[in-house]
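Structure record follows, encoded as structure tokens.
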Amino acid sequence: MIENLVIVESPAKAQTIEKFLGKDFTVKSSYGHIRDLEKNTLSIDLENNFKPLYIVPEDKKKLVSELKKLVKESKIVWLASDEDREGEAISWHLYEELGLKKEQTRRIVFNEITKDAILKAIKNPRFIDENLVNAQQARRLLDRMVGYEISPILWRKVRPSLSAGRVQSVAVRLIVEREREITAFKSSSSYRVAANFHLDDLKKNNLIAELPNKIENSELTLKFLEKCKNATFKVADVFTKPSKKSPAAPFTTSTLQQEASRKLGYSVAQTMTIAQKLYESGKITYMRTDSVNLSETAVGMAKDIIVKEFGAKYSNPRQFKTKSKGAQEAHEAIRPTYMANMETEGSSQEKRLYELIWKRTVASQMSDAALEKTTAIIDISTTKEKLEANGEVIKFDGFLKVYLESTDDENEEENTKLLPPLSVGQVLKLRNINATERFTYHPPRYTEASLVKKLEELGIGRPSTYAPTISTIQQRGYIIKEDKLGNERKFNVFILQDNKIEETVKTEITGAEKSKLFPNDIGLVVNDFLVSYFQNILDYNFTASVEKQFDEIAEGTLKWTDMIGKFYHPFHTKVTETIANSERNVGERNLGIDTQSGKTVLVKIGRFGPMAQIGEASDEDKPRFASLLKGQRIDTISLEEALELFKLPRIIGQFEGKDVTAGIGRFGPYIVHNSKFVSLKAGVDDPFTISIDRAVELINIKRIDDQNKTILTFSQDADLTVLNGRWGAYISYKKENYKIPKTQDATKLSYEACMEIIKTTGSKSSGRKTISKSKVKTISKTKAKKK
DNA sequence: CAGTGAGCGAGCTTCCGCTTGACTT
């Protein structure tokens, strides 16, 4: 007999709590939700006041039967899932599915995993909050309706297997709209003017002062510089102003993802995997949280370590308030479990992420940094414009000793220099004045992490879904994470020195970007379709407004079935109308006429992605097709660029009596000769311009490589070869690969020995993707048969 | 591996939020 059975959501949590509670308590985990709407249909009974049809999914059946068994042996069952909407629903599903009786059931909550908090919770049990459960059911059903009624429209009108949802579709919209802003952006330039003064004859000590406002154009800049010839420069005023910097709040999931991306270059999925490892080994608190709260124990631990390491004046215990919309705060902020551990064991990634979390947490409990900003105003005798020099000194470093939050602003300038001593009235000796042309820059593209930040600001998505959402919209092909090469740009610099103005033109590389999110054509088409037919759901405030209603349900002032009914009926009407009235949408755009053939040139999304087409299907001759290149988009490609695509594949010459052809295929640019392909490296060779001489050179290089690749061939069977691959020698037979046992010498294998290996080992070394795909297929087939 | 892109039209795909493995090289 078990006295007390406690059920929590996470197994790592169960382990920790079991230690706190002692022998009379058995602690188990539900591994999140144990029941959900059935996956293959809407699973909402529309005739029966939206009764949800819940099932225990296949992968949870074993767990549920284990829990059922334990429940039978237990006197009291404590449902200790998280203190939020989802947590309440988990408890309710457990209660229903495990057949619990009210008398034996206690619902308890704690939002920090400390012994005190848990014992306190045990002393204050309650029962399941039905209103909160209903708020979750409303959330669940709304998401199911949106996802499962709109997605099929996309299958019919755009392309199979696409998806739409309350969260993912808005995430795509953000990226699409940002990209259009960038396309529409027109860069303009102005001149930044900086004067450089000698302060003494040693030339060591100089002062840089700038015009506070940039000058609009080169004419006005030259005019200003003219005026500065023979002018005297005098210090008109010097003043200092104290200022302070405060530390950032401890990490939530979202801010951890942002900082790990900026400081360590991790993707959001990477960050979460590493954090999960740290959590499972007990090194950090729970990593999916929207709370910036630290437990009292944590604040105390932080104080101890700060006083010990840095001294009492660096300590400033504090609590932060959450700023994010709809935060549920069921957990603590992400922090080290034991603050005294400044570093940790594990992989280098784990070490680095731990260190980041440690610093952020400790810094949040440290004193403000005290700064002093100094400004000097400099008069110019020949004009009323004034120059300004700024300097900043750190008077007390405070939390900066440990940690400084990074920003997303790439063009931010550091301005932490100290100004040299200056006195009012002092005349300065001019060395030169530089006027540099600067360009305005378009709004930045989103990174994974900055998209998470934006979604959080809008209250869309939850800590547990940020990473999966970003991976979904990439998987569907809506967006792509890519690097962008920069462009060369010329800019003017005017220098006034020794009363002469000199003009130079310099070049810079600008606009290079790393790991940014770009929309694909399919993302643009789907987004435009959804925005035009389901504007209310794609609205950035949709989630916020339904969340308000969920809150009312949780408070008991709104009936959940009423809310869902009010949403569903007009929504479903719109769905039906859209199916009936909308055109099939492949994003077709007419670029104009091809002067050579006189036929129209179209671009659209085809079965295999975006393509250009000359002529129409109804024409007498078949239309000609060509895929768009990477980086080309349906909405921005020009007629000339599209026609260029049809110049490939092109014959560039002959070699050994056979044609050499250049083209661009699924795997990039290539040349082909005698049906043997050679890949071209992007940026090195261009299939549009490559010469026959260069092509022959590449063919010969490839031949040598192939020779080195082949270890053995056999006269008995041309399909059988022994090749040298990335992981050593292997046997290739009829497009399947086979591992050679380590006991055998690959260079001395006989035909019979090879065939023996093929028979006994079976295909093992073929690509991972093909294997997993075929497995997935067989699984779904068997499932389908069972039904 | 380097092509394809109507036509015939089965049966499949899909949501958001809770939680971890189970796979391979």
Side-chain angles (χ1 to χ4, degrees), chain A residues 8-13 29-37 39-43 59-60 63 81-82 84-90 93 136 139-155 159-169 276 279-280 286 288 328 330 460-466 468-469 472 476 543 586 604-613 616-618 622-627 648-649 661-672 675-680 687 726-727 735 764-772 775-777 780-781 784:
Chain A
V8 295
E9 290 183 37
S10 141
K13 201 168 166 180
S29 156
S30 75
Y31 293 81
H33 276 292
I34 55 138
R35 276 206 318 197
D36 191 15
L37 298 174
K39 201 169 119 349
N40 294 319
T41 57
L42 186 68
S43 303
D59 57 335
K60 285 290 171 76
L63 171 77
S81 50
D82 296 344
D84 59 14
R85 204 161 62 201
E86 296 298 326
E88 203 66 20
I90 287 172
H93 282 303
Q136 192 273 349
R139 199 279 305 154
R140 182 67 192 92
L141 267 61
L142 179 109
D143 283 337
R144 175 53 71 93
M145 288 165 166
V146 169
Y148 272 42
E149 295 222 348
I150 300 183
S151 299
I153 307 179
L154 296 177
W155 306 344
R159 194 162 83 189
S161 304
L162 294 175
S163 64
R166 172 177 59 83
V167 173
Q168 59 169 284
S169 297
Q276 175 91 26
Y279 167 66
E280 280 169 11
Y286 197 57
R288 290 187 276 262
Q328 313 225 353
I460 299 173
R462 303 278 312 132
S464 67
T465 59
Y466 295 137
T469 299
T472 299
R476 300 274 175 273
T543 291
V586 287
K604 65 180 184 186
I605 294 179
R607 265 216 291 158
F608 309 102
M611 64 173 198
Q613 172 181 338
E616 298 195 54
S618 53
K622 260 188 149 185
R624 296 171 61 207
F625 302 102
S627 292
L648 292 180
T661 308
I664 295 175
R666 207 142 84 76
F667 308 96
Y670 65 90
I671 49 173
V672 60
S675 64
K676 284 215 164 70
F677 289 87
V678 184
S679 290
L680 298 180
R726 256 166 85 195
W727 297 289
K735 296 195 173 176
K764 267 184 186 167
S765 44
S766 66
R768 176 168 74 174
K769 273 185 186 163
T770 23
I771 283 180
S772 55
K775 267 193 181 170
V776 169
K777 265 185 194 163
S780 56
K781 266 181 198 165

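The sequence lines fix the lettering, A, B, ..., with proteins before strands; numbering per chain opens at 1. Keep in mind it's a predicted model, so treat the numbers as computed, not measured. The figures here come from the full heavy-atom set of this structure, side chains too, leaving out hydrogens, waters and symmetry mates.
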From the set [options], return the single nucleotide nearest to any side-chain atom of [X].
| X | options | result |
| --- | --- | --- |
| A:Val167 | B:dC18, B:dG17, B:dT14 | B:dG17 |
| A:Lys39 | B:dC15, B:dC16, B:dG17 | B:dC15 |
| A:Ser627 | B:dT4, B:dT19, B:dT20 | B:dT4 |
| A:Ser679 | B:dC18, B:dA2, B:dT13 | B:dA2 |
| A:Ser163 | B:dC15, B:dG17, B:dT19 | B:dC15 |
| A:Ile90 | B:dC18, B:dT13, B:dC15 | B:dC18 |

Quick one: is [X] getting a side-chain N or O under 4.0 Å of the [N] phosphate, OP1 or OP2?
| X | N | value |
| --- | --- | --- |
| A:Ser10 | B:dT20 | yes |
| A:Arg476 | B:dC15 | yes |
| A:Arg159 | B:dT13 | no |
| A:Gln613 | B:dG5 | no |
| A:Arg288 | B:dT20 | yes |
| A:Thr465 | B:dC16 | no |
| A:Gln136 | B:dG17 | no |
| A:Arg462 | B:dC18 | yes |

Contact class for [X] vs. all strands (heavy atom < 4.0 Å): base, sugar-phosphate, or nothing?
| X | answer |
| --- | --- |
| A:Arg140 | base |
| A:Tyr279 | sugar-phosphate |
| A:Gly461 | sugar-phosphate |
| A:Leu162 | sugar-phosphate |
| A:Pro11 | sugar-phosphate |
| A:Thr472 | sugar-phosphate |
| A:Gly32 | base |
| A:Ala164 | sugar-phosphate |
| A:Glu149 | nothing |

Exam field: side chain A:Glu9 to backbone A:Asp82, donor-acceptor pair closer than 3.5 Å: yes

For A:Tyr148 and A:Lys39, indicate whether the former's side chain and the latter's backbone hold a donor-acceptor pair under 3.5 Å. yes

Any non-hydrogen side-chain atom of A:Leu680 less than 4.5 Å from a side-chain atom of A:Pro687? yes

Could you check whether any side-chain heavy atom of A:Gln136 comes within less than 4.5 Å of a side-chain heavy atom of A:Glu88, counting everything from C-beta outward? no

Determine whether A:Tyr279 and A:Ser10 satisfy the following criterion, side-chain hydrogen bond (donor to acceptor under 3.5 Å, both in side chains), listing intermediate values before the conclusion. CA-CA 11 Å; A:Tyr279 167 66; A:Ser10 141; 2.8 Å; yes

Grab the [atom1]-[atom2] distance between [X] and [N] for me, whole Å please.
| X | N | atom1 | atom2 | result |
| --- | --- | --- | --- | --- |
| A:Trp155 | B:dC12 | CH2 | C1' | 8 Å |
| A:Asp59 | B:dT19 | CG | C1' | 10 Å |
| A:Ile34 | B:dG17 | CD1 | P | 20 Å |
| A:Arg144 | B:dC18 | CZ | C1' | 15 Å |
| A:Lys676 | B:dC1 | NZ | C1' | 15 Å |
| A:Leu63 | B:dG21 | CG | C1' | 13 Å |
| A:Gln168 | B:dG17 | CD | P | 11 Å |
| A:Leu42 | B:dC15 | CG | P | 14 Å |

Is there a stack between A:Phe625 and B:dT4, judged by ring centres under 5.5 Å and planes under 30°? no

Evaluate whether the aromatic ring of A:Tyr148 and the six-membered ring of the B:dT14 base sit under 5.5 Å apart, centre to centre, with an inclination under 30°. yes

Nearest-nucleotide 5' precedence on DNA chain B, A:Met611 against A:Met145: A:Met611

Nearest-nucleotide check on DNA chain B, A:Ile150 vs A:Gln276; residue mapping nearer the 5' end is A:Ile150

We want to know whether A:Ser163 and A:Arg476 form a side-chain donor-acceptor pair, criterion being a heavy-atom distance below 3.5 angstrom. yes

Does the pair A:Lys60/A:Asp36 count as a salt bridge with the N-to-O cut at 4.0 Å? no

Salt bridge A:Arg139-A:Glu86, side-chain N to carboxylate O under 4.0 Å: yes

